[in-house]
Peer 1: 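Take this structure first; my questions come after.
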Amino acid sequence: MRIDLMAGAGLSLAPLRAAPDPTILLFDSGLGGLTVLDAVRRARPDARYVYAADDAAFPYGRLSEAELVARVLAVMEQFIASHRPDLVVIACNTASTLVLPALRQRFTTPFVGVVPPIKPAAATTRSGLITLLATPGTVARSYTRDLIATYAASCAVTLVGSRHLATYAEAEMAGSPIDDATLAAEIAPCFVRAEDGRLTDVVCLSCTHYPLLLPRLRALAPWPVSWIDPAPAIARRVLQLLGPGQRGEAGDGSGVLASFTAGSSLTAPLRDSLTLRGVNEVTVEAMPLRMQ
Ligand code: DGL
């Protein structure tokens with residue numbers, strides 16, 4: 001059975017509410033969802049934003065499926081109770097490809113998820129060689145395999161489960177960028193040259209952390225490719241659900257509240273990076289990870 005993660009099972013396409021200033025909560029294991037926040041804020045500048053980062057459990061890519069479902073449900077319980085959002089964006093492929101059905105069953109709040117952009121990748125490629133770059137968790141999901149079978153059956157899809165790239169993106173945001181050689185080695189498996197000379201020409205950024213590194217990934221790629229970031233599609237989906245709002249309005253000036261479940265990596269350079277992305281208040285709602 002295919003579950004339409006992007007569309008929100010049971011939700012009509014009519015806007016959920018016409019009132020201005022809805023509260024939108026964006027959720028990720030760490031800082032990756034900030035790339036989605038940028039796109040959503042451009043679409044609904046009038047909304048109030050909470051950016052919720054489960055940094056106590058970062059990286060999600062290392063958690064088993066059962067651990068991840070339990071963790072996201074528990075954390076979401078608290079964030080929804082604290083912030084009463086009108087809509088939640090699960091700005092994390094690793095969580096969205098697994099947890100959305102359980103979230104929708106537990107909560108009445110509408111959820112929008114981020115899933116690997118296989119469909120646009122298949123429409124973009126000319127060589128027929130696509131790479132899906134994601135966390136090991138996302139690469140392993142049956143949801144991901146199903147997307148590939150449905151939308152990219154005529155392409156050769158290389159799955160690259162990166163163990164370190166999300167951590168490198170966090171380091172970049174915290175002002176301690178990883179060196180070029182290490183970054184180049186991590187993305188090297190994305191670039192395939194077929195025996196007939198065809199080259200990979202599309203790489204799906206299937207972890208929201210990766211666009212944080214995009215300028216460096218472009219510079220280090222052995223040849224030019226199209227990098228597909230699903231964030232604009234997520235913003236369009238939020239607009240479909242919430243309606244356009246008062247376009248052009250800059251909201252109530254309250255900016256973005258960022259809430260962390262640990263906050264242990266909140267260094268001064270990281271706070272500066274957050275400020276540059278519109279975060280004007282940072283808080284910690286401590287939720288330590290207790291693994292069985
Ligand atoms: N940003 C997350 C994603 O989109 C995952 C990073 C992690 O926690 O492993 O998959």
Side-chain angles (χ1 to χ4, degrees), residues 5-6 25-40 51-65 67-72 74-76 79 88-100 103 111-118 121 131-145 147 159-174 178 183 186-187 190 203-214 217 227-235 237 258 260-265 270 273-274 277 287 289 291:
L5 295 181
M6 295 283 290
L25 187 145
L26 289 100
F27 174 78
D28 185 28
S29 56
L31 305 171
L34 292 168
T35 60
V36 181
L37 174 69
D38 285 345
V40 176
Y51 184 76
D54 187 13
D55 60 328
F58 178 85
Y60 274 179
R62 79 194 148 106
L63 299 187
S64 74
E65 296 197 347
E67 286 165 346
L68 188 55
V69 172
R71 176 66 185 175
V72 175
V75 168
M76 198 48 64
F79 280 128
V88 174
V89 179
I90 303 295
C92 172
N93 294 259
T94 312
S96 293
T97 49
L98 181 71
V99 189
L100 279 173
L103 286 168
F111 288 90
V112 173
V114 182
V115 297
I118 293 293
T131 291
L132 189 150
L133 177 61
T135 66
T138 298
V139 161
R141 299 275 182 263
S142 54
Y143 185 84
T144 301
R145 309 286 169 141
L147 272 183
L159 295 167
V160 177
S162 166
R163 279 164 21 100
H164 303 296
L165 212 48
T167 305
Y168 296 163
E170 296 261 324
E172 184 96 2
M173 282 288 285
I178 201 77
L183 196 51
E186 192 71 9
I187 62 167
C190 294
V203 177
C204 300
L205 297 171
S206 304
C207 166
T208 51
H209 278 73
Y210 304 164
L212 293 170
L213 294 166
L214 189 51
L217 300 181
W227 302 87
I228 301 196
D229 175 0
I234 304 311
R237 181 61 190 154
F260 290 77
T261 58
S264 46
S265 56
L270 177 54
S273 297
L274 291 171
R277 288 182 173 264
M287 294 178 236
L289 176 66
M291 306 267 274

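Both ligands and their constituent atoms are indexed starting at 1 by order of listing.
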Peer 1: Keeping the roles fixed (side chain from D28, backbone from A53), state whether a donor-acceptor pair exists under 3.5 Å.
Peer 2: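 Answer holds: no.
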
Peer 1: For atom 1 (N) of ligand 1, what's the nearest protein heavy-atom neighbour? Residue, atom name and distance, please.
Peer 2: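 Nearest protein contact, heavy atoms only, for atom 1 (N) of ligand 1 is H209 ND1, 2.8 Å.
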
Peer 1: Counting heavy atoms only, which part of D28 comes closer than 4.0 Å to ligand 1: side chain, backbone, both or neither?
Peer 2: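 D28 to ligand 1: side-chain contact only, backbone stays beyond 4.0 Å.
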
Peer 1: Could you identify the single nearest non-hydrogen protein atom to atom 7 (C) of ligand 1 and state the distance to 0.1 Å?
Peer 2: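 Heavy-atom neighbour on the protein nearest atom 7 (C) of ligand 1: Y60 N, 3.3 Å.
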
Peer 1: Side chain, backbone, both or neither: which applies to S29 and ligand 1 if a contact is any heavy-atom pair less than 4.0 Å apart?
Peer 2: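 Just the side chain.
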
Peer 1: Quick test: of every protein heavy atom, which one is nearest to atom 5 (C) of ligand 1, and how far off is it to 0.1 Å?
Peer 2: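 Looking at atom 5 (C) of ligand 1, the protein heavy atom closest to it is T94 OG1, 3.5 Å.
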
Peer 1: Quick one: which ligand 1 atoms are inside 4.0 Å of a heavy atom on C207?
Peer 2: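 Going through ligand 1 atom by atom, the ones under 4.0 Å from C207 are 1 (N), 2 (C), 3 (C), 4 (O), 5 (C), 6 (C), 10 (O).
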
Peer 1: Under 3.5 Å between any N/O of T138 and any N/O of ligand 1: does that happen in this structure?
Peer 2: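 There is no such contact.
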
Peer 1: So does L212 get a backbone contact from the side chain of E172, meaning a donor-acceptor N/O pair under 3.5 Å?
Peer 2: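 Such a contact is absent between E172 side chain and L212 backbone.
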
Peer 1: Compute the shortest N/O to N/O distance between T135 and ligand 1 and return yes if it is under 3.5 Å, no if not.
Peer 2: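 No - when backbone and side-chain N and O of T135 are compared with those of ligand 1, no distance drops under 3.5 Å.
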
Peer 1: Quick check: does any side chain N or O of R62 sit under 3.5 Å from a backbone N or O of G137, one acting as donor and the other as acceptor?
Peer 2: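 Not at all, since once roles are kept as given, no pair shorter than 3.5 Å links the two residues.
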
Peer 1: Look at the side chain of T97 and the backbone N and O of Y143, then say whether any donor-acceptor pair between them is shorter than 3.5 Å.
Peer 2: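 It does not hold such a pair.
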
Peer 1: Give a yes/no on ligand 1: does G30 have at least one heavy atom closer than 4.0 angstrom to it?
Peer 2: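 Not so, G30 does not reach ligand 1.
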
Peer 1: What atoms of ligand 1 come within less than 4.0 Å of a heavy atom belonging to G61?
Peer 2: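 So the answer, numbered in order with elements, is 7 (C), 8 (O), 9 (O).
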
Peer 1: For ligand 1 and A166, I'd like to know whether there is a polar contact (N/O to N/O, distance under 3.5 Å).
Peer 2: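 No - when backbone and side-chain N and O of A166 are compared with those of ligand 1, no distance drops under 3.5 Å.
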
Peer 1: Would you say the side-chain atoms of S206 pair up with the backbone N or O of L132, donor to acceptor, closer than 3.5 Å?
Peer 2: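 Not a single qualifying donor-acceptor pair exists.
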
Peer 1: Any sub-3.5 Å donor-acceptor pair from R237's side-chain atoms to P232's backbone N or O?
Peer 2: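 No, R237 side chain to P232 backbone: no donor-acceptor pair under 3.5 Å.
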
Peer 1: Kindly confirm or rule out an N or O of S206 lying under 3.5 angstrom from an N or O of ligand 1.
Peer 2: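 There is no such contact.
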
Peer 1: Looking at every non-hydrogen atom in both residues, tell me the closest pair between T35 and P211 and how far apart they are.
Peer 2: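 Taking T35 first and P211 second, the nearest heavy atoms are CG2-CB, 3.8 Å.
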
Peer 1: If we ignore hydrogens and angles and just use 3.5 Å, is the side chain of S162 paired with the main-chain N or O of A134 as donor and acceptor?
Peer 2: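 Not confirmed, S162 side chain does not pair with A134 backbone.
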
